[in-house]
Number of protein chains: 2
Amino acid sequence: MVSSSGPDSARRVTIHDVARSAGVSRQTVSRALNGKDEIERSTKQRVLDAARELGYRPSRFARGLVRQDTTTIGLVIPDLRNPFFTEVAASALECARARGWHVVVYDTADRPAEELGTLQVIGSQVDGVVGYFSCAEDELDRYTRGMPLVLIGREHRMARFSSIRIDGQEGVREAVAHLVAKGHTMIGMLDHDNRAEPSLRREWFTAAALGHGIDPGRVAGAEQSADGGGAGLRALLAAHPEITAVFTFNDIVAVGALREARRLGRSVPADLAVIGFDGLQLGALMEPPLSSVALDTHRLGSLAVEQVGRLLTGADPLPPEDLEVRAVLRPAGSS
Amino acid sequence: MVSSSGPDSARRVTIHDVARSAGVSRQTVSRALNGKDEIERSTKQRVLDAARELGYRPSRFARGLVRQDTTTIGLVIPDLRNPFFTEVAASALECARARGWHVVVYDTADRPAEELGTLQVIGSQVDGVVGYFSCAEDELDRYTRGMPLVLIGREHRMARFSSIRIDGQEGVREAVAHLVAKGHTMIGMLDHDNRAEPSLRREWFTAAALGHGIDPGRVAGAEQSADGGGAGLRALLAAHPEITAVFTFNDIVAVGALREARRLGRSVPADLAVIGFDGLQLGALMEPPLSSVALDTHRLGSLAVEQVGRLLTGADPLPPEDLEVRAVLRPAGSS
DNA sequence: TTGAAAGCGGTACCAA
DNA sequence: TTGGTACCGCTTTCAA
């Protein structure tokens with residue numbers, strides 16, 4: 001039975017309380033708890049009992065303060081439920097774990113407005129940040145105040161930052177060439193919808209299409225989800241009924257388009273060829289399996305963690321040419 | 001140009017260094033950095049410049065030590081790439097964010113051996129833990145030393161722990177009844193494969209099958225992945241070719257079974273009905289859409305976070321009867 | 001508006 | 001084997 005002394009204030013139980021309760025000094029408590037040798041069995045037991053009795057738990061801050069060894073990195077992603085980010089996150093976790101680092105994950109729920117709030121909050125919780133951001137660089141700068149930051153899938157200008165480039169130019173070219181080889185000339189695209197500027201992927205698509213003398217203007221926006229892909233495909237086909245093939249911003253959207261095509265009675269790939277982007281494992285489960293301009297998500301996550309680690313420790317950062325992930329076409333049943 | 005004083009030791013830049021560099025006291029630096037009012041503009045700017053120059057970043061430990069407000073919870077899951085855990089994790093993140101808490105995610109890579117190591121490491125990094133564990137309770141106890149721990153999908157005996165129960169009994173009964181109503185009498189199951197003891201889900205299946213006078217013995221094990229589901233289905237059909245319907249341990253396995261059935265030339269649901277467990281969003285993308293005994297993963301994640309929060313703050317914990325998530329049958333095209 | 005001093009809760013290094 | 005003391009880096013009184 002623990003007799004609570006005084007009014008039961010919710011004060012934190014400190015090492016001091018345990019020491020007093022066990023009738024020893026704080027250092028002895030520390031020794032007992034950390035399994036040091038220089039302590040008598042009986043004393044140790046007494047301390048351990050007292051600690052348990054009082055429900056004592058060492059403060060991670062106090063501990064971290066004195067032995068400054070733990071590294072924690074923040075991972076910021078727009079939507080953990082999107083399998084692409086899941087894969088990146090899983091790789092990042094894996095890579096961090098191998099180094100004994102901790103990862104705090106923040107999901108901005110696809111709301112760019114959340115990014116800055118997250119950064120602010122993250123600031124005092126992690127040693128470095130890795131992730132996807134859509135806000136302006138000077139804002140990132142203001143909210144990270146000197147903390148290493150590695151951007152994924154986005155260029156950076158400020159020297160303080162680092163970024164992992166996604167180079168899909170060649171992969172998208174392959175995709176379009178592949179479609180052309182199959183006889184397609186009316187190729188549409190389902191792009192991003194929530195940004196003012198057209199996506200890089202769209203630029204790649206445009207360049208590739210023009211290279212084959214194909215009109216790159218058959219584009220519709222789609223929300224980043226399977227349902228969004230379905231709706232997008234309907235809109236695209238309504239505007240451009242002549243389309244026989246479609247390239248999408250990513251696999252999730254492609255999967256939705258695939259399903260929608262089926263609902264519209266168009267068989268894939270006979271009536272409509274579909275090629276996604278990302279190369280998610282999910283694509284292989286579809287019927288037909290999804291063709292995709294595939295990214296090595298594992299490499300993406302690892303590179304980001306590796307780089308933030310180097311920035312953190314002051315080691316030589318990886319040179320820009322190594323900080324790049326190339327996408328390659330992985331053709332499958334859908335095209 | 002920053003002239004590094006002395007040999008360039010990688011010592012940490014502290015508030016003291018900034019203070020000296022700016023010619024003010026530490027407190028003034030603190031004020032400037034934390035945007036307090038009681039400071040002259042010019043002083044503030046000078047301090048900020050010095051801080052930037054030196055690449056100063058406040059220690060999160062020192063800061064946390066003095067203003068003890070941040071709460072961090074650890075989320076331990078076997079495999080972030082498994083969409084079920086992704087959904088749980090996403091919900092937990094969401095719920096934690098709403099409370100201003102941070103979540104450190106640990107992926108044990110499906111290796112039970114990693115659990116204890118993770119717990120040990122986690123111990124000094126978080127205030128409470130939520131997650132999936134397969135190791136024995138006394139081990140959990142030993143490695144968490146007084147830290148609140150909420151187990152998901154697993155019973156607990158020790159009073160220190162709390163757990164979120166998954167009750168699928170009724171849902172599985174519905175599933176079997178549904179299959180029986182469709183005329184199936186030869187119903188198999190693809191169970192877990194990596195545990196000695198049969199799963200709870202299998203027990204539910206057995207009870208439900210017996211309730212309809214159906215032989216519950218047509219069971220094969222499957223690895224927790226789509227490929228595992230495929231292989232499992234082959235094994236199951238080889239041993240019991242008479243089977244016309246199959247219930248699986250979870251949706252991932254079901255998805256693999258679905259794909260394998262197609263490859264074997266069995267059409268679903270005509271030749272083989274398939275019902276999964278979990279109710280993943282993924283199931284809706286399949287062709288045909290997957291029937292599933294669905295769990296409210298969102299509730300699962302939220303409950304766990306809510307409960308660990310109560311344990312943490314000393315608020316009244318939720319009573320056991322509220323800590324339960326019931327599964328219900330969500331029939332779709334595959335059955 | 002600024003600075004001095006006192007902790008926050010631990011651990012490490014000594015001396016006892 | 002133990003305890004005293006000096007920090008770890010920062011914020012919060014309280015005086016100046």
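Reminder, nothing fancy here: chain letters follow the sequence lines and each chain counts from 1. What you are looking at is a predicted structure, and each value in this text was computed from that prediction instead of being measured.
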Please output the side-chain donor-acceptor pairs of residues 316-325 of chain A that fall under 3.5 Å, not counting sequence neighbours, one pair per line with the distance.
from     : atom 1 : to       : atom 2 : distance (Å)
A:Glu324 : OE1    : A:Arg165 : NH1    : 2.8
A:Glu324 : OE2    : A:Arg326 : NH1    : 3.2

* Return the value, rounded to whole Å, for the distance between atom CZ of B:Arg57 and atom C1' of D:dC10. => 14 Å
* Asked: Does A:Asp107 come within less than 4.0 Å of A:Arg81, counting only side-chain N to carboxylate O?
  -> no
* Over how many whole Å does the gap from A:Leu65 atom CG to D:dA6 atom P extend? -> 18 Å
* Asked: A:Glu40 near the nucleic acid: base, sugar-phosphate alone, or nothing, with a heavy-atom cut-off under 4.0 Å?
  -> sugar-phosphate
* Does B:Thr14 have a side-chain nitrogen or oxygen under 4.0 Å from the phosphate oxygens OP1 or OP2 of D:dC8? -> no
* Structure fact -> The nucleotide from D:dT5, D:dT12, D:dG9 with an atom nearest the side chain of A:Arg26 is D:dT5
* Roughly how many Å is it from NE2 in B:His16 to P in D:dT11, rounded to a whole number? -> 15 Å
* **Evaluation steps, side-chain hydrogen bond (donor to acceptor under 3.5 Å, both in side chains), between B:Glu114 and B:Thr108** => CA-CA 5 Å; B:Glu114 295 278 355; B:Thr108 53; over 6 Å; no
* Nearest to side-chain heavy atoms of B:Pro58, which nucleotide of D:dC10, D:dC8, C:dG10 -> D:dC10
* Asked: Are A:Ser162 and A:Gln307 close enough, and set up right, to give a side-chain hydrogen bond (donor to acceptor under 3.5 Å, both in side chains), and what steps lead you there?
  -> CA-CA 8 Å; A:Ser162 191; A:Gln307 177 74 344; 2.7 Å; yes
* Gap between atoms CG and P, on A:Asn34 and C:dC13 respectively (whole Å) -> 14 Å
* Which nucleotide in C:dC13, D:dT5, C:dT2 has an atom nearest any side-chain atom of A:Arg31 -> C:dC13
* Asked: Nearest-Å distance, NZ (B:Lys44) to C1' (C:dT1)?
  -> 14 Å
* Structure fact -> Output for pair (B:Arg154 CZ, B:His156 NE2), nearest 0.5 Å, gives 10.5 Å
* Asked: A:Asp17 CG to C:dG10 C1': how many Å, rounded?
  -> 13 Å
* To do: Among the candidates D:dT2, D:dG9, D:dT12, find the nucleotide nearest to the side-chain atoms of B:Gln27.
  => D:dT12
* Can you find an N or O donor on one side and an acceptor on the other, under 3.5 Å apart, linking the side chain of B:Arg60 with the base of D:dG9? -> no
* A:Arg46/A:Asp49 salt bridge by N-O under 4.0 Å criterion -> no
* To do: Compare side-chain N and O positions of A:Thr43 against OP1 and OP2 of D:dT1 and report whether any pair is under 4.0 Å apart.
  => no
* **Atom-to-atom span, CD1 of A:Ile15 to P of D:dT2 - whole angstrom** => 15 Å
* Classify the nucleic acid contact of B:Val24 as base, sugar-phosphate or nothing, counting any heavy atom under 4.0 Å across all strands shown. => sugar-phosphate
* To do: Report the residue (B:Ile39 or B:Ala62) whose heavy-atom-nearest nucleotide on DNA chain C is the more 5′ of the two.
  => B:Ile39
* Report the residue (A:Ser25 or B:Val66) whose heavy-atom-nearest nucleotide on DNA chain D is the more 5′ of the two. => A:Ser25
* To do: Kindly say if A:Arg63 contacts the phosphate of C:dT11, meaning a side-chain N or O under 4.0 Å from OP1 or OP2.
  => yes
* Look at the side-chain N and O atoms of B:Thr28 and state whether any lies under 4.0 Å from the OP1 or OP2 oxygen of C:dT2. => no
* Would you say B:Ser59 reaches D:dC10's phosphate, i.e. side-chain N/O to OP1/OP2 under 4.0 Å? -> no
* Structure fact -> Rounded to whole Å, the CZ-P distance (A:Arg20 to C:dG9) equals 13 Å
